[in-house]
Amino acid sequence: MSAYDAATIEARWQAAWEKAGTFKAEMSADKPKYYVLEMFPYPSGRIHMGHVRNYTMGDVIARYKLTTGHAVLHPMGFDAFGMPAENAAMKSGGHPKDWTYANINEMVAQMKPLGFGLDWSRMFATCDEEYYGQQQALFLDFLEQGLVYRKNAVVNWDPVDMTVLANEQVIDGKGWRSGAEVERRELTQWFFKISDMADELLTALDGLDDWPAKVRLMQQNWIGKSRGLQFSFERTDGGAPIEVYTTRPDTLMGASFVGLSPDHPIVKEMEGANPELAQVAAAMRKGGTTEEALEKAEKLGFDTGLKVKHPLNPDWELPVWIANFILMDYGTGAIFACPAHDQRDLDFCRKYDLPVIDTFFALDNPKPVETEAFVPARTDKVRWVNHFAGLDMATGQEAIDATIDFAEAQGWGKGKEQYRLRDWGLSRQRYWGCPIPVVYCDTCGVVPEKKENLPIALPYDNGNEEIDFSVPGNPLDRHPTWRNCACPSCGAPARRETDTMDTFVDSSWYYARFTAPRAETPTDMDAAKYWMNVDQYIGGIEHAILHLLYSRFFARGMIKTGHLPESAAEPFNALFTQGMVTHAIYQTKGDDGRPVYHYPEDVDLRDGSGFLSDGTEVEIVPSAKMSKSKNNVVDPLNIIRDFGADTARWFVLSDSPPERDVEWTASGAEAAFKHLTRVYRLATEAAGADTAANDQDEALLREMHKAIRDVTLGVESFGFNAAIAKLYAFTATIQKSKAGSEAKCTALKTLAQLMAPMTPHLSEEAWSILGGEGLIADAPWPQADKAMLVEASITMPIQINGKRRGEMSIAADASKADVEALALTHDVVVKALDGGQPKKLIVVPGRIINVVV
RNA sequence: GCCCGCGUGGUGGAAUGGUAGACACAGGGGACUUAAAAUCCCUAGGCAGGAAUGCCGUGCCGGUUCGAAUCCGGCCGCGGGUACCA
């Protein structure tokens with residue numbers, strides 16, 4: 001009998017699938033289709049266990065659906081534009097394109113041995129001219145439909161490197177390379193009008209029943225629909241009134257000051273005549289642009305000297321301050337502050353000695369606000385002490401509604417629905433992205449490129465005009481010739497747009513492209529109609545908001561521009577968000593005091609301590625997301641070399657629920673390998689045995705049908721770890737069973753089928769050993785026989801006052817009255833009642849009996 | 001700061017209002033073996049007890065319920081997102 005030789009087995013069956021075209025996606029008129037997609041990877045160069053886990057989950061679904069009679073589309077590609085390629089070019093020379101394609105080749109070579117049932121013929125990378133050329137065509141169609149426009153927006157500006165920085169390149173408000181304090185600077189940029197669809201994107205969330213509730217909630221909060229009041233404050237100097245938007249107009253009588261964003265037009269207007277104000281505003285514009293940075297920054301204010309009249313009392317004058325926490329992008333860039341009922345406003349007013357006016361109190365506690373703002377839930381009733389619409393006791397929401405009605409009736413304000421969602425700025429001042437296909441002409445202005453001129457390709461080693469990453473900034477902007485072109489409208493010399501697109505654009509429609517990856521238009525309608533939508537989308541929770549929201553927007557845009565059918569507005573029918581694979585970090589201290597990270601394979605673990613080969617002890621940081629920079633990455637190739645791909649696949653699914661993070665440990669991998677070896681051995685033993693049928697057969701087959709039921713449920717509900725636990729138990733049952741060899745072979749063939757989505761190579765081998773017909777990948781999924789699942793009697797636990805005190809066995813079809821009668825005769829119940837009557841008797845059929853005494 | 005999650009034995013975890021700890025790892029004991037490896041069997045939350053058994057126990061505090069890991073409120077810790085990382 002030969003041993004389990006994973007390497008040989010895996011190569012054999014991968015070749016067999018390839019030859020049979022098992023995973024080639026074909027449209028079929030007589031099969032239901034199933035489209036399963038995992039979020040495609042960034043080509044960092046090496047795959048890690050996180051990728052293995054993610055793609056194994058998708059593969060389990062894909063292979064399972066193939067055996068249930070579906071035409072399956074399961075493609076793979078690469079999200080290949082982005083900053084790391086440019087950073088690599090800056091650091092070690094070379095070209096982003098060469099770096100990226102080398103990485104892609106490397107990663108494909110690492111993924112193939114894992115035996116994923118992917119249709120590799122559909123593979124593409126977003127940096128392929130073929131792909132981004134079609135993306136440029138989409139952009140032009142979106143532009144024509146009014147879904148794209150230009151406006152000014154702020155970016156992180158490094159004043160030393162004279163370049164735009166990404167948020168992750170701003171560390172503590174300073175540029176990552178220059179160390180200079182970052183400034184906020186305005187540039188004219190391209191935007192997608194996602195805000196036009198805010199309401200649609202919000203209401204459609206209700207229909208996404210197979211998305212995690214947490215993702216829908218995050219998107220709902222992100223879109224942030226609110227109803228508030230818009231009105232203006234008259235200035236005492238007769239200047240243009242200050243328009244404000246507030247979601248708490250009911251607190252207007254508690255107004256303390258009017259606040260302007262440092263980027264507000266009034267501030268900019270005053271800067272010229274007021275050097276002190278200009279200096280303060282400039283200081284406030286320093287630091288990064290992220291919401292987090294703005295919210296966490298120390299609250300700073302400056303009195304402009306302007307005064308406005310309170311809309312309800314012309315004699316009441318409020319000062320106008322500039323405040324660094326007010327965003328120009330939200331509402332009107334101006335607010336009024338009510339410190340009594342907003343902690344941030346209160347902190348600001350205490351700091352600058354501005355008045356605090358209570359407008360309502362808790363019903364049972366009329367205490368004036370001192371250092372803590374009183375901010376009850378909007379549904380709580382409060383007592384109003386300072387209001388104008390005749391309110392006494394009312395909830396915050398009632399007061400808001402009443403205030404808006406009052407303001408509208410008097411004509412000084414208007415109720416308005418507002419969204420937190422901002423338009424999607426897509427311009428990036430970088431080389432390694434999809435060029436935005438527009439041209440600037442002195443005569444014609446901003447002109448879209450003609451479709452026949454697409455793709456507008458990135459320049460690459462064009463003679464002596466090579467792009468240059470040795471200096472910061474956008475190489476396209478510096479390129480001597482690339483930007484020179486003819487105006488598509490008048491033919492005169494003109495300049496190309498040198499900004500490229502946000503990489504989120506690339507990933508917002510790749511799912512549609514996979515349905516016809518070589519089409520000469522962005523999509524092929526017949527293919528899109530057949531394959532869309534994605535039936536199961538799988539990816540990280542970190543994409544809960546931006547990627548998924550942008551994809552939902554893009555699908556709608558593609559419908560509007562005729563690239564997708566109406567039915568594809570929500571492109572992902574079901575979403576599953578998987579957890580990360582983590583691993584301990586091993587570090588020592590370098591000479592400069594900074595941590596030095598060591599690879600797991602270089603660390604020898606003894607009694608919970610780790611040592612390098614020279615004996616140095618390392619510090620162990622328990623568990624962190626696998627990350628190249630921390631060297632805590634476990635290379636799946638090592639696992640495949642030692643144990644085989646099936647072991648790696650089995651383990652990443654076995655020990656942890658898919659939505660949660662999983663810690664990689666080699667001991668777990670060994671256990672998985674042991675199990676697969678056991679299954680292989682059982683199969684070879686059973687195939688060679690010849691024992692007669694006997695009275696143990698039925699018990700084994702009953703367990704088999706239970707396993708079919710449980711594993712099928714596990715696979716369909718992403719309960720892979722639970723399914724695997726059942727498979728361990730079923731394997732042990734087979735091993736211990738004294739059933740005849742025919743029954744054992746039947747059980748083992750079913751075991752091989754149930755394991756096949758997870759361990760496809762071993763399953764094919766076992767199937768073949770046991771005389772199964774054809775490929776297990778094509779064999780119909782086993783069906784549980786309901787008759788074999790019925791149990792004659794069940795065990796029910798008995799509780800006394802909610803605590804388990806005993807159990808009893810009873811016929812499975814016993815009536816509730818029978819159960820009650822039998823329970824009352826049980827020893828523990830008789831003892832607990834001590835001759836008395838039960839206070840209450842609860843019987844949950846099939847589950848539990850609780851006697852309250 | 002704000003939004004969204006998560007927290008259960010020595011470890012990964014199971015249990016979605018009904019027997020807390022399935023399954024697995026590490027540990028302990030045993031069988032087989034000249035020996036080892038491999039394999040198989042037993043054991044295993046804590047405390048007390050010879051045992052039967054009892055008490056405690058799902059981050060912490062409180063609540064709802066006949067019954068809470070699970071639902072509600074408050075707190076602590078960790079993770080994800082925060083619009084130019086992907």
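Everything numeric here is computed off the predicted structure, so don't read it as measured data. Numbered from 1 within each chain, the chains take letters A, B, ... in sequence-line order. Both backbone and side-chain heavy atoms feed into the values below; hydrogens, waters and symmetry mates do not.
Rounded to an integer number of Å, the gap from Leu187(A) CG to C84(B) P is 13 Å. The separation between Arg428(A) atom CZ and A86(B) atom P is 8 Å, rounded to whole Å. Computed from coordinates, the Phe718(A) CZ to A14(B) P distance equals 16 Å when rounded to whole Å. Separating the CD atom of Glu292(A) from the P atom of C3(B) is a distance of 14 Å, rounded to the nearest angstrom. Between the CE atom of Met218(A) and the P atom of G81(B) there is a distance of 10 Å, given to the nearest Å. The interatomic distance linking Arg681(A) (CZ) with U39(B) (P) rounds to 7 Å, in whole Å. Taking atom NE2 of residue His675(A) and atom C1' of nucleotide U39(B), one finds them 16 Å apart after rounding to whole Å. What separates CG of Leu653(A) from P of G12(B) is a distance of 19 Å, to the nearest Å.
Among the heavy atoms of the strands, none lies under 4.0 Å from Arg344(A). Using a 4.0 Å heavy-atom criterion, one finds that Gly425(A) contacts the sugar-phosphate atoms exclusively. No engagement by His547(A) is indicated, since no non-hydrogen atom pair under 4.0 Å with the nucleic acid exists. Trp222(A) comes within contact range of at least one nucleobase, with a heavy-atom separation under 4.0 Å. Using a 4.0 Å heavy-atom criterion, one finds that Phe325(A) contacts no nucleic acid atom at all. Among the protein residues, Gln169(A) comes within range of no part of the nucleic acid, since none of its heavy atoms lies under 4.0 Å from any strand. Val164(A) comes within 4.0 angstrom of a base, heavy atoms only. In this structure, Glu298(A) reaches neither bases nor backbone, as no heavy-atom distance under 4.0 Å exists between it and the strands shown.
A distance of about 15 Å separates the C1' atoms of A22(B) and A69(B), rounded to the whole Å. For the C1' atoms, the distance from G10(B) to G28(B) is 13 Å, rounded to whole Å. Remark: the separation of the C1' atoms in A48(B) and G62(B) is 30 Å, to the nearest Å. Nucleotides A20(B) and U70(B) are separated by 14 Å at their P atoms, to the nearest Å.
Taking side-chain N and O atoms only, Lys840(A) has a distance below 4.0 Å to OP1 or OP2 of C66(B). Between Asn221(A) and C4(B) there is a side-chain N or O to OP1 or OP2 distance below 4.0 Å.
Salt bridge annotation for Glu703(A)-Lys736(A): absent, with no cationic side-chain nitrogen under 4.0 angstrom from a carboxylate oxygen. Taking 4.0 Å as the cut-off between side-chain N and carboxylate O, Lys351(A) and Glu298(A) count as a salt-bridged pair.
In this structure, a donor-acceptor pair under 3.5 Å is present between the side chains of Asp423(A) and Tyr149(A).
Proximity of a side-chain donor or acceptor of Glu86(A) to a complementary backbone N or O of Tyr431(A) within less than 3.5 Å is detected. At least one donor-acceptor pair closer than 3.5 Å links the side chain of Asp502(A) to the backbone N or O of Phe504(A).
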Fill in the blank from the handout: In B/S/- notation (B base, S sugar-phosphate only, - none; protein heavy atoms under 4.0 Å), nucleotides 16-23 of chain B written 5' to 3' is --BB--BS
Exercise for the section: Test Phe720(A) against Phe718(A) for ring pair (Phe, Tyr, Trp, His ring centres under 6.0 Å), laying out the working first. Expected result: CA-CA 5 Å; Phe720(A) 303 126; Phe718(A) 276 81; 5.3 Å; yes
Handout entry: Criterion ring pair (Phe, Tyr, Trp, His ring centres under 6.0 Å) on Tyr131(A) and Tyr510(A), from CA distance to verdict
Key = CA-CA 9 Å; Tyr131(A) 183 82; Tyr510(A) 77 110; 8.1 Å; no
Handout entry: Stepwise salt bridge (charged side-chain N to carboxylate O under 4.0 Å, His left out) check, Glu291(A) with Arg422(A)
Key = CA-CA 12 Å; Glu291(A) 189 188 80; Arg422(A) 308 200 295 259; 5.3 Å; no
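Along RNA chain B, the nucleotide nearest to Thr290(A) and the one nearest to Phe40(A) differ in position, and the one closer to the 5' end is contacted by Thr290(A).
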